[in-house]
Amino acid sequence: MNLRTFLQDLDARGELFHIQEPVSPHLEVARRIAARDGQPMLFEQLAGFSEWRMAAGFTAQRAHFARALGCGASQLVSRMAEALAAPQIPPQNSDGPCQEVVWDSIDLTRLPIPRYHPQDGGPYITAGVAIIHDPDLGRNLCFHRMRVQDARRLVVRVVENRGTHTAWRKAPEGIPMAICVGLPPHILLAASMAPPEGQDESGIAQAFAPSPMVKAKTVPLEVFAEAELVLEGILTHALDREGPFPDLTGTMDRVRQQPVLRVTAVTHRKNPIFHALLPAGLEHKNLMGMPREPTIFAEVNRVARCTGVTITPGGCSWLHAVVQIDKQGPDDARLAIEAAFRGHRSLKHVVIVDTDVDIYNPQDVEWALATRMQARRDLVIFPDQASSSLDPSAHQSPGQKALSDKIGIDATIPWGASPEDFVRVTY
Ligand SMILES: Cc1cc2nc3c(=O)[nH]c(=O)nc-3n(C[C@H](O)[C@H](O)[C@H](O)COP(=O)(O)O)c2cc1C
């Protein structure tokens with residue numbers, strides 16, 4: 001499956017919203033996506049970029065990933081866990097559609113790279129999966145937002161101490177990097193996962209669905225053969241301004257000095273489709289939060305019988321989780337709270353519920369809080385914990401891990417109580 005076949009499938013189901021009139025990538029595309037967040041969309045014409053179309057919102061629902069992985073939405077967590085445990089090597093093809101068109105000279109202003117918000121530091125690529133090779137750890141895939149600096153250069157946001165940063169720091173001459181844009185949901189999901197150090201995310205993609213690769217033109221890397229667009233280059237040690245740009249939390253991220261990527265090749269499919277991923281929109285949220293659900297699931301399962309985990313969009317798909325357990329003893333919920341925080345270090349608030357509560361329905365979770373919880377008994381506060389740098393309310397000091405208070409809530413039926421008092425009537 002590639003982006004085109006996935007969009008065709010959405011279309012056949014009547015789920016793809018087509019915008020026929022020309023839309024400008026400068027602010028207008030972002031406004032249209034934000035107005036219908038959650039809706040897969042295809043912009044058929046882009047003002048000033050006659051060759052291109054633009055897709056958005058095709059990973060904005062859990063159902064999109066479930067369809068791409070060939071499972072039900074409730075099986076996504078276990079499918080991710082299985083692929084993590086049993087990755088497969090992607091086949092390497094001799095050629096691929098991503099290289100149907102190879103540019104003679106580089107001019108990034110010919111690409112329909114959107115500007116999302118008036119305060120943005122410039123036009124930004126937000127759905128680019130960067131592929132690098134670490135000499136010690138092998139291939140690594142990672143999302144990086146990228147600001148267009150000029151016709152041949154991008155400034156790349158590289159979060160410290162993750163795969164790309166580690167490899168880049170080791171190489172004073174810079175590292176080769178290839179960026180794939182216009183990928184199907186299963187590759188996007190694999191790229192957003194954080195497997196143990198040294199595990200290549202392309203193996204997770206291949207375990208989800210066939211994900212052939214092909215040799216890049218100017219750098220010693222392989223790229224996804226069916227990507228719509230590929231940029232190749234060197235991530236140098238030159239630095240430039242990156243930001244401001246909207247963060248996952250919907251608040252504005254600050255300006256930093258970040259590495260500059262010198263682009264050495266641009267290749268794309270014929271009649272290419274650009275993927276515009278709205279920062280802090282539902283696609284961004286799903287891709288950030290969902291990959292943490294299996295790690296929470298695994299940790300909770302060590303101490304209790306875990307039957308479901310979701311990281312909620314209301315909590316920026318990063319800071320809040322709901323964990324469902326099949327309670328077997330008086331301490332299960334408290335142990336599950338501690339385990340959930342181990343499973344996702346950035347988690348700030350977690351609610352534990354019973355199996356009769358729908359974890360994907362916020363009203364149902366609130367009902368459990370209303371009818372099963374007493375603060376004195378069921379609320380656990382962990383002060384001054386290492387937490388997420390994304391949380392504007394966390395205590396942040398330069399070079400230090402952010403600190404935050406964390407809360408766990410046991411919203412399960414109290415152990416020893418008579419269940420009839422807590423069971424919902426049905427009609
Ligand atoms: C949509 C999206 C945008 C992201 N943007 C960035 C970014 O700009 N810089 C960055 O370092 N990580 C970014 N991330 C997070 C990385 O993908 C994540 O840290 C990565 O999966 C960690 O894996 P690694 O340690 O193997 O590199 C983003 C993730 C998503 C889903």
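Since the structure is predicted, the reported quantities are computational estimates derived from the model, not experimental observations. All values below were derived from every heavy atom in this structure, side-chain atoms included, with hydrogens, water molecules and symmetry-related copies excluded. Counting starts at 1 for both ligands and their atoms, in listed order.
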- Okay, side chain of Arg153, backbone of Val260: is any donor-acceptor separation there less than 3.5 Å?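 No; zero donor-acceptor contacts below 3.5 Å.
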- Message: Between Thr59 (side chain only) and Pro185 (backbone N and O only), is there a donor and an acceptor less than 3.5 Å apart?
- Response: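 Side chain of Thr59 to backbone of Pro185: no pair is present.
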- Item | Sidechain N-carboxylate O distance under 4.0 Å for Lys170, Asp136 |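 So Lys170 pairs with Asp136 through a salt bridge.
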- Message: Check this for me, if you would: do Glu28 and Arg31 make a salt bridge, where the nitrogen-to-carboxylate-oxygen distance has to be below 4.0 angstrom?
- Response: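 Answer for the salt bridge query: no.
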Which atoms of ligand 1 sit under 4.0 Å from any heavy atom of [X]?
X: Glu201; answer: 26 (O)
X: Gly163; answer: 24 (P), 25 (O), 27 (O)
X: Val159; answer: 9 (N), 10 (C), 11 (O), 12 (N)
X: Leu287; answer: 31 (C)
X: Cys142; answer: 16 (C), 17 (O), 20 (C), 27 (O)

Return the closest protein heavy atom for [atom] as residue, atom name and distance.
atom: atom 22 (C) of ligand 1; answer: Arg162 CD, 3.7 Å
atom: atom 8 (O) of ligand 1; answer: Arg145 N, 2.8 Å
atom: atom 1 (C) of ligand 1; answer: His284 CD2, 3.4 Å
atom: atom 9 (N) of ligand 1; answer: Arg157 O, 2.8 Å

On a heavy-atom basis, I'd like to know which of [options] is closest to [atom].
atom: atom 4 (C) of ligand 1; options: Tyr124, Phe143, Phe245; value: Phe143
atom: atom 21 (O) of ligand 1; options: Met193, Gln199, Glu283; value: Met193
atom: atom 26 (O) of ligand 1; options: Leu137, Ile132, Asn140; value: Asn140

- Message: Whether the Asp11 and His18 side chains hold a donor-acceptor pair (N or O, under 3.5 Å, no angle test) is what I'd like checked.
- Response: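 Their side chains do contain a donor-acceptor pair, which is all the 3.5 Å distance test asks for.
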- Query: Side-chain donor-acceptor pair under 3.5 Å between Lys327 and Thr412, yes or no?
  - Reply: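 Yes, because at least one side-chain N or O of Lys327 sits under 3.5 Å from a partner of the opposite role on Thr412.
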- Query: How are the rings of Phe274 and Trp52 set to each other: parallel, tilted or perpendicular (split at 30° and 60°)?
  - Reply: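 Rings of Phe274 and Trp52: perpendicular, as their planes differ by over 60°.
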- Query: Quick one: does NZ or CZ of Arg36 land under 6.0 Å from the six-membered ring centre of Phe17, within 45 degrees of the ring axis?
  - Reply: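 Yes, a cation-pi geometry.
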- Query: Would a line drawn from the ring center of His186 to the ring center of Phe6 be shorter than 6.0 Å?
  - Reply: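 No, the ring of His186 stays outside the 6.0 Å limit from the ring of Phe6, centre to centre.
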- Hey, is ligand 1 close enough to Met288 that some N/O pair sits below 3.5 Å?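 No, no N or O pair falls under 3.5 Å.
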- Given that the side chain starts at C-beta and the backbone is N, CA, C, O, which of these parts of Ala191 lies under 4.0 Å from ligand 1, counting heavy atoms, or is it both or neither?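 For Ala191, the contact with ligand 1 is made by the backbone alone.
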